[in-house]
Amino acid sequence: MKKLLVANRGEIAIRVMKTAKKMGIKTVAVFSEADRNAPHVKYADQAVCIGPAPSNESYLRGDKIIEVSKSLHVDAIHPGYGFLSENADFAELCEDNDIIFIGPRSKAIKLMGNKLAAKETIKDYNIPMVPGTDEAITDIPEAKKIAKTIGFPILIKASAGGGGKGMRIVENEAEFESQMNRAISEATSSFGDGSVFIEKYVASPRHIEIQVMADTHGHIIHLFERECSIQRRHQKIVEEAPSAALTPELREKMGQAAINVARSCDYVGAGTVEFLLDENFNFYFLEMNTRLQVEHPVSEWISGVDLVELQIKVARGEKLNIKQEDLKINGHALELRVYAEDPMNDFLPSVGNLKVYKLPEGENIRVDNGYEEGMDIPIYYDPMLSKLITYGSTREEAIALMITAINNYQIEGVHSTLPFGRFVCEHDAFRSGVFDTHFVKNYYSFNLLKEQHLLEAEIASKIALKHFLKAQKILRVSN
């Protein structure tokens, strides 16, 4: 492998290129017209424009990416995450054109890309699953009967879904029909597939995922877990490794379950098996992400392994040179996704110009970054600016360093999730390690925050009035 094209943009493109360059592999960037001056374009050895700003005319054009790869004699394509990373047709297109796809085979992507197919695939391995339907359903009266049998609350989920789209929590029978219609409609518009299924809703879950790596010689390892319970809109925003909730025994059980999921679909490369962990520490298979995850740096830090390097080596047909017993957890790592979003306005995207953009520096601080000062934030893509990662010998050290790093991260011109990250790290529930996926709803309610701000304003007003009356009294006495 002498030349690698990264079919992505922003921080993940640069992150992949860094490892490729370290391995002596030439890199090719692709970019849209909106990203012409982006850092990932400058960082690559070669760069080619593949279309206008909208992703469906550029980064999602697999045919154009293949065309560029062939014209530049590219040996391999790394898809990063998002865009074409879990597109089985694109993986197959690479295979058909004798270009190495740095990821699993197209068959595994298809199997794990459909939640119902994934459930069917892992059945023989006795992996715990949340009670629910084994088949897609669109008939609302029949679905309502099934929901009543399972028992409310239930969760409606898109079969081909992800990122919280096509997902609805239904508390009771009265709201079932409207929520079912909404889930089908959203699944259809987001994925072109309106099929949904029903699961029992786990009321207070933690979101735990296991990083796996598999080679083409039948060897599979796991690189421990990541805690991903701090979410907004069912999407992760703060991640850490390891989880404060897992015992060594539970970690081993979940790790082995993740390995079995990978084995069930003849998996190759880096993947993540996601689980729900309930309040009684029972775990249930959720889905498998057939790509490198956004939050992979925390796993890299606690394991001492470069996951992108392993991806490339496995794609070249090499055997994994790490055995499960060789891996040990060292220290603790924390990641904050720094989005151009307004956390005080329901995390809505914040478009604008990065008038000031200065990254924090220091020992055990890592910033996987995709922007520069003076750049505009495009409206066409995910609004993530960077990933801020900190490491410590203990969880407490990693949290303290994260607060310091947030305070030293300067952004002006757009809102960002930095204040939210500080809120999380300073909150007693997070510090104690006792929290679940409802953290934002329970502790970061916008109404609660508004009430808090009103209370603070009222207190400030009373103090100001008190000082004013005192000054008036002094004035009268002096006169």
Side-chain angles (χ1 to χ4, degrees), residues 3-22 25-62 64-69 71-72 74 76-85 90 102 291-294 296-297 308 335-341 349-361 366-389 409-418:
K3 189 182 284 190
L4 182 153
L5 181 147
V6 183
N8 218 297
R9 64 183 296 276
E11 60 83 20
I12 186 57
I14 295 172
R15 190 281 161 258
V16 171
M17 290 174 194
K18 281 183 178 178
T19 289
K21 289 191 175 189
K22 183 181 73 175
I25 301 170
K26 294 287 184 182
T27 59
V28 177
V30 290
F31 62 93
S32 71
E33 290 170 3
D35 281 338
R36 187 171 295 278
N37 298 311
H40 80 277
V41 176
K42 302 171 189 174
Y43 191 83
D45 295 306
Q46 291 177 279
V48 179
C49 182
I50 51 169
S55 56
N56 63 350
E57 297 180 46
S58 52
Y59 295 107
L60 290 173
R61 287 292 303 271
K64 285 189 177 181
I65 291 170
I66 293 293
E67 185 181 312
V68 169
S69 299
S71 69
L72 296 180
V74 162
I77 294 175
H78 195 300
Y81 44 70
F83 294 135
L84 296 167
S85 62
F90 180 66
I102 300 181
R291 54 176 166 79
L292 193 68
Q293 291 279 83
V294 174
H296 75 273
V308 175
E335 175 179 297
L336 168 66
R337 300 188 188 191
V338 183
Y339 286 105
E341 294 180 346
S350 178
V351 178
N353 179 269
L354 290 171
K355 295 175 183 175
V356 175
Y357 191 69
K358 300 190 185 304
L359 307 179
E361 297 178 347
R366 168 177 166 177
V367 186
D368 284 13
N369 176 53
Y371 283 84
E372 293 174 347
E373 191 169 278
M375 288 181 65
D376 291 325
I377 308 300
I379 61 172
Y380 307 98
Y381 317 117
D382 183 275
M384 189 167 67
L385 302 174
S386 73
K387 301 180 309 200
L388 177 59
I389 311 108
Y409 202 138
Q410 299 177 44
I411 299 178
E412 291 180 20
V414 298
H415 294 287
S416 80
T417 50
L418 289 172

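Numbers here simply count residues along the sequence, with the first being 1.
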**Request:** Give a yes or no on whether K64 atom NZ has more than 12 heavy-atom contacts from other residues, nucleotides or ligands under 6.0 Å away.
**Result:** yes
**Prompt:** If only atom types and distance count, is the side chain of N353 paired as donor or acceptor with the main-chain N or O of G413 below 3.5 Å?
**Reply:** no
**Message:** Less than 4.5 Å apart, side chain to side chain, heavy atoms only: is that true for Y43 and T27?
**Reply:** no
**Message:** For E373 and K358: C-alpha separation, side-chain torsions, deciding distance, then whether side chain to side chain contact (heavy atoms under 4.5 Å, CB included) applies.
**Reply:** CA-CA 7 Å; E373 191 169 278; K358 300 190 185 304; 3.5 Å; yes
**Asked** Nearest 0.5 Å, what's the CG-CG distance between L84 and N8?
**Response** 8.5 Å
**Item:** Qualifying residues under ring pair (Phe, Tyr, Trp, His ring centres under 6.0 Å), relative to Y381, sequence neighbours excluded
**Value:** Y59
**Message:** Looking only at the side chains, is there a donor atom on one of Y380 and D35 sitting less than 3.5 Å from an acceptor on the other?
**Reply:** no
**Message:** Keeping T417 on the side-chain end and R337 on the backbone end, is there a donor-acceptor pair under 3.5 Å?
**Reply:** yes
**Message:** Quick check on K22: does its NZ atom have over 12 non-hydrogen neighbours (other residues, nucleotides or ligands) under 6.0 Å away?
**Reply:** yes
**Prompt:** Within a strict 4.5 Å, meaning less than it, do heavy atoms of the I25 and T19 side chains meet?
**Reply:** no
**Asked** So, do I65 and I50 sit near enough that their side-chain heavy atoms are less than 4.5 Å apart?
**Response** yes
**Message:** Using a strict threshold of under 4.0 Å (side-chain N to carboxylate O), is an ion pair present between E372 and K42?
**Reply:** yes
**Request:** Would you please say whether a donor-acceptor pair under 3.5 Å links the side chains of S386 and Y409?
**Result:** yes
**Message:** Between V338 and L418, does the side chain to side chain contact (heavy atoms under 4.5 Å, CB included) criterion hold? Intermediate values first, please.
**Reply:** CA-CA 6 Å; V338 183; L418 289 172; 4.0 Å; yes
**Side-chain donor/acceptor of D376 to backbone N/O of P378, under 3.5 Å** = no
**Fill in**
Scanning both residues in full, the closest heavy-atom pair of S85 with P79 reads CA-CB, 3.5 Å
**Request:** Supply the atom-to-atom distance M384 CE to I12 CD1, rounded to the nearest 0.5 angstrom.
**Result:** 8.0 Å
**Message:** I want to check something: taking the side chain as every heavy atom from C-beta on, are V6 and V28 in contact at a cut-off of under 4.5 Å?
**Reply:** no
**Asked** Does K355 reach the main-chain N or O of E412 with its side chain, forming a donor-acceptor pair under 3.5 Å?
**Response** no
**Asked** Taking only residues two or more places apart in sequence, or in another chain, which ones meet Y339 in a ring pair (Phe, Tyr, Trp, His ring centres under 6.0 Å)?
**Response** none
**Asked** Can you list the steps and then say if V48 with L72 is a side chain to side chain contact (heavy atoms under 4.5 Å, CB included)?
**Response** CA-CA 10 Å; V48 179; L72 296 180; 3.8 Å; yes
